[in-house]
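The structure under discussion appears below in the form of structure tokens.
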Amino acid sequence: MNTELKEKIEVYSRYIHISIPFYADDYIFSSNDYEKYPLVTDDERWEVTIDLKKHILQEWKTEFGSCHIFSKVRDEGKYTLLDKDKKALCQLIGYVPNGVIPPKNGYNDYIEFNIAKDGSVSGWYDSYDFIDFIERGKVELSERMIPITGEQHIWDVLNDVFIPLSLNIFHELRGILNSHFAYHSEYVYLFESHKRDEELFPIDIEESISRLKEDSRIQKHITYTKSLWLSYGASSPKQRDFGTLNFLIVYHIEFWTDYYYLPILNRNIPYGVLPTTHEINIILQTLKDTTVEIINTRKNGITEF
């Protein structure tokens, strides 16, 4: 037995993310008034995150009503233990770890529990047996496809913080760069990681938030969004003495379990709290100063915040 892994799992496990095949007959909902069953992915899997300490299903909404699940999953599930920040600790693919997921007499085949309208789950344990994860779990994991926080937190930050901030940044940088460069690029993306990489989904911040919510493609990505990014690029200088200068300024916001993080300010802000006007001005001024410095020093490449 891996003693170090055992201690890590037993001490730091706070959530479990469950991904299992969805069969409608296995679920009894208090309401059948759904265009689509709750929390079912496009590839027909039911994906949820349970707080092991508070016994709360993180993604549940009151409009889903209540639900009883009794499903014979066998070896078709994927189960991921997460720490308090929803970083993956260990993943198990295959039979049900009934020492963590009820019922105890599930023979590693069955899952059964109740979900109340408020998202609380009954039938869960006060203490857990992680032996299946310790003996058969995979430790090296990607953070992708694991929700970091509730969808509503992400929508609220997108609507109340990131979109207004992005529009302001683009407006300010246009004012500085339009007279110097012939070509500009402005993009905003969702990322399923805290780092900027190839796995991104572009969004149109000129659209209203209600229109964005109606886009099923965005809805699919928003669940797993870990960060929001904007980029402003400029190239093709109008003045010959600029040479071949081209550059990209990148800024982002990170999502964590109970807060979102703003670089430049180096500040964690609880969900439901907005940055002050002074803090927004600091971000804008820093990006403007950086842009002027790039022009003056003829600095090519990517500058990331």
E59 and T49: CA distance, side-chain angles, deciding distance, side chain to side chain donor-acceptor pair (under 3.5 Å) verdict: CA-CA 7 Å; E59 300 87 359; T49 310; 2.5 Å; yes

Spell out, yes or no, whether [X] and [Y] are grouped together once hydrophobic residues are joined by side-chain heavy atoms under 4.5 Å, including indirect joins.
{"X": "F113", "Y": "I28", "answer": "no"}
{"X": "F29", "Y": "F70", "answer": "no"}
{"X": "F64", "Y": "I20", "answer": "yes"}

Exercise: identify the closest heavy-atom pair between H194 and K226: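 Heavy atoms only, the tightest pair is CD2-O, 3.3 Å.
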
Minimum-distance pair of heavy atoms, taken over all atoms of K78 and R45: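 It is N-NH2, 4.0 Å.
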
W46/Y27 under ring pair (Phe, Tyr, Trp, His ring centres under 6.0 Å): CA gap, chis, key distance, verdict: CA-CA 11 Å; W46 195 62; Y27 300 76; 5.1 Å; yes

Centroid-centroid under 6.0 Å between F22 and Y37 rings: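 Between Y37 and F22, which both carry aromatic rings, the centre distance is below 6.0 Å.
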
For the residue pair [Y] / [X], report whether a side-chain donor-acceptor contact shorter than 3.5 Å exists.
{"X": "E151", "Y": "H153", "value": "no"}
{"X": "Q91", "Y": "T80", "value": "yes"}
{"X": "S227", "Y": "W229", "value": "yes"}
{"X": "Q58", "Y": "W60", "value": "no"}

Audit row: Y261, N266, side chain to side chain donor-acceptor pair (under 3.5 Å) steps and yes/no: CA-CA 7 Å; Y261 171 69; N266 192 27; 2.9 Å; yes

Side chain to side chain donor-acceptor pair (under 3.5 Å) assessment of N168 paired with E172: CA-CA 6 Å; N168 270 329; E172 294 291 343; over 6 Å; no

Straight-line distance of [X] [atom1] to [Y] [atom2], nearest 0.5 Å:
{"X": "I249", "Y": "T290", "atom1": "CD1", "atom2": "OG1", "value": "6.5 Å"}
{"X": "I163", "Y": "L158", "atom1": "CD1", "atom2": "CG", "value": "4.0 Å"}
{"X": "R136", "Y": "Y95", "atom1": "CZ", "atom2": "OH", "value": "9.0 Å"}
{"X": "F191", "Y": "F255", "atom1": "CZ", "atom2": "CZ", "value": "13.0 Å"}
{"X": "H221", "Y": "D215", "atom1": "NE2", "atom2": "CG", "value": "9.5 Å"}
{"X": "Y12", "Y": "D85", "atom1": "OH", "atom2": "CG", "value": "11.5 Å"}

CA sep, side-chain torsions, deciding dist, call: L165, Y251, side chain to side chain contact (heavy atoms under 4.5 Å, CB included): CA-CA 10 Å; L165 178 59; Y251 184 79; 3.8 Å; yes

Derivation of the side chain to side chain donor-acceptor pair (under 3.5 Å) call for E112 and H68: CA-CA 8 Å; E112 182 177 21; H68 175 78; 3.3 Å; yes

S66 side chain vs A116 backbone, donor-acceptor pair below 3.5 Å: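 Checked: no pair found.
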
Side chain to side chain contact (heavy atoms under 4.5 Å, CB included) assessment of L89 paired with L82: CA-CA 5 Å; L89 296 171; L82 313 172; 5.9 Å; no

Stacked cation flag K213 on W155, 6.0 angstrom / 45 deg: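 Yes, a cation-pi geometry.
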
SB check E63 K117 (cutoff 4.0 Å):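 Salt bridge between E63 and K117, a charged N being under 4.0 Å from a carboxylate O: no.
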
K6 bridged to E10 by N-O distance under 4.0 Å: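 So K6 pairs with E10 through a salt bridge.
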
Residue pair L262, L265: steps toward the side chain to side chain contact (heavy atoms under 4.5 Å, CB included) verdict: CA-CA 6 Å; L262 288 177; L265 299 178; 3.7 Å; yes

Flag if over 12 foreign heavy atoms under 6.0 Å of OH, Y107: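 12 or below, so no.
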
Test log, rule side chain to side chain contact (heavy atoms under 4.5 Å, CB included), inputs D129 and V100: CA-CA 6 Å; D129 182 354; V100 181; over 6 Å; no

Residues E279, R267; criterion salt bridge (charged side-chain N to carboxylate O under 4.0 Å, His left out); working and verdict: CA-CA 10 Å; E279 288 172 330; R267 183 184 171 200; 2.7 Å; yes

